[in-house]
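Heavy atoms only: backbone and side chains are in, while hydrogens, waters and symmetry mates are out. Counting from 1, the numbers follow the sequence of the chain as shown.
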Amino acid sequence: MPTASTSFFGWVAFLLQKYGVLFLRGTGMTLLIALTGTILGFIIGLLVAIVRTIASPRSKGIKCKSEMERVSLAVRRALLRLVQILMNVYIQVFRGTPMIVQAVVIYYGAQYAGIYMDTTFAAIFIISINTGAYMAEIIRGGIVSVDKGQFEAAHAIGMTHWQTMTTVILPQAIRNILPSVGNEFIVNIKDSSVLNVISVSELFFQAKSAAGAYYRYFEVYFIIAVIYLILTLSVSRILAWVERKMDGPDNYVIHGSQSDSRADIVVSVENEKEATKRWNA
């Protein structure tokens, strides 16, 4: 054990040696909660965004032939409006309150109602619904960024709203929002630390246990700060690589004709530079 004269880095080395497994366990739990919560939150946000972009039946100019059809149309319109209002409330509530408050209210509120949740399940549930509220707005923004003409073209050939979203709009929207989705994952890695208020054994909670043993709080929190930094930088690098892969190759061929290869257009970085030189000249 270090003596009183031991340097700062001597304590850091000692704490890593003694509690390294504890830090690793906490890091694994943090990654599990952040990754699972981000994936589930993305799914929640995707569904909410799709429903929120559904136009009211009235806007489609449907002509009802009977009283029954008019009643059915009115009911569908009312139900859609009610669902969209509830989704708006969900988004505003979870974006407008801190996650630490949500964790306490949900976890201990469930116990007050007689529902006792496992802390890991509670952590993933809280992260998921919190992330879902942010993802809903991110995805909706990505959908809105796609040209409206593509919506109209898809509807003109008879595609439903769901088919339009899944096959035409979302593939483009997801590429546009990928940096924001990655940012949410990074935020969840850091914000998972607030879940220690409900005794989730993530990295910050484990660090508190290690710090209390020798009262070396600064050294322990320095260690976990470095761990959080390594995690976020690594995730940023991975996401940047994924973005580059989704951009596709720099060189490709546009086939102008299936039978005549002379109609092919080769697009490459070199051709682009040459065209730029000619244009500037």
Side-chain angles (χ1 to χ4, degrees), residues 34-64 69-96 124-188 235 238-249 252 254-255:
L35 181 59
T36 308
T38 303
I39 293 173
L40 294 177
F42 179 82
I43 296 172
I44 293 171
L46 180 63
L47 296 176
V48 171
I50 290 176
V51 173
R52 294 184 71 206
T53 57
I54 297 176
S56 173
R58 177 186 296 177
S59 64
K60 296 182 180 180
I62 297 176
K63 296 183 179 179
C64 301
E69 289 184 359
R70 279 194 292 271
V71 172
S72 176
L73 182 62
V75 170
R76 293 204 309 271
R77 188 164 57 240
L79 287 176
L80 177 61
R81 182 59 180 163
L82 176 62
V83 171
Q84 290 179 339
I85 289 174
L86 292 176
M87 289 182 174
N88 287 334
V89 171
Y90 156 68
I91 291 172
Q92 295 302 324
V93 169
F94 281 91
R95 291 180 68 202
I124 294 174
F125 177 73
I126 293 163
I127 290 281
S128 298
I129 58 177
N130 178 274
T131 303
Y134 287 92
M135 287 291 189
E137 287 297 283
I138 291 172
I139 296 173
R140 188 180 68 86
I143 292 173
V144 171
S145 68
V146 178
D147 188 81
K148 292 183 178 179
Q150 300 196 34
F151 285 92
E152 296 170 357
H155 291 157
I157 61 175
M159 297 179 70
T160 64
H161 183 77
W162 179 260
Q163 290 172 331
T164 302
M165 283 293 170
T166 55
T167 60
V168 179
I169 305 302
L170 288 179
Q172 302 175 68
I174 290 175
R175 173 61 189 86
N176 294 337
I177 66 174
L178 186 61
S180 297
V181 174
N183 184 63
E184 279 299 309
F185 180 37
I186 293 172
V187 168
N188 285 340
V235 171
I238 294 172
L239 291 173
W241 177 80
V242 172
E243 288 180 39
R244 288 195 299 270
K245 288 296 182 181
M246 291 188 69
D247 285 338
Y252 55 92
I254 299 176
H255 298 285

Spatial distance of atom CD1 (Ile138) from atom CG (Leu178) [nearest 0.5 Å]: 11.0 Å
Nearest-0.5 Å distance, CG of residue Leu239 to CG of residue Asn183: 9.5 Å
Contact check, side chains of [X] and [Y], non-hydrogen atoms, under 4.5 Å:
X      : Y      : answer
Arg76  : Leu80  : no
Arg244 : Trp241 : yes
Val181 : Met135 : yes

Test log, rule side chain to side chain contact (heavy atoms under 4.5 Å, CB included), inputs Leu40 and Phe125: CA-CA 9 Å; Leu40 294 177; Phe125 177 73; over 6 Å; no
Between [X] and [Y], which heavy-atom pair has the shortest distance, and what is it?
X      : Y      : answer
Ala154 : Val168 : CB-CG2, 4.5 Å
Phe151 : Val146 : CE1-O, 4.2 Å
His155 : Thr164 : CD2-OG1, 3.5 Å
Ile129 : Tyr90  : O-OH, 2.6 Å
Ile91  : Ala136 : CD1-CB, 3.8 Å
Ala49  : Ile139 : CB-CG2, 3.7 Å

Asn188 and its side-chain hydrogen bond (donor to acceptor under 3.5 Å, both in side chains) partner, picked from Thr36, Thr131, Asn130: Thr131
Sequence neighbours excluded, every pair satisfying salt bridge (Lys or Arg N to Asp or Glu O under 4.0 Å) that has a member inside residues 136-145: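 Applying salt bridge (Lys or Arg N to Asp or Glu O under 4.0 Å) to every pair that reaches into residues 136-145, excluding sequence neighbours, yields Arg52-Glu137, Arg95-Glu137, Glu137-Arg140.
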Where at least one partner belongs to residues 145-170, residue pairs that pass salt bridge (Lys or Arg N to Asp or Glu O under 4.0 Å), sequence neighbours excluded: none
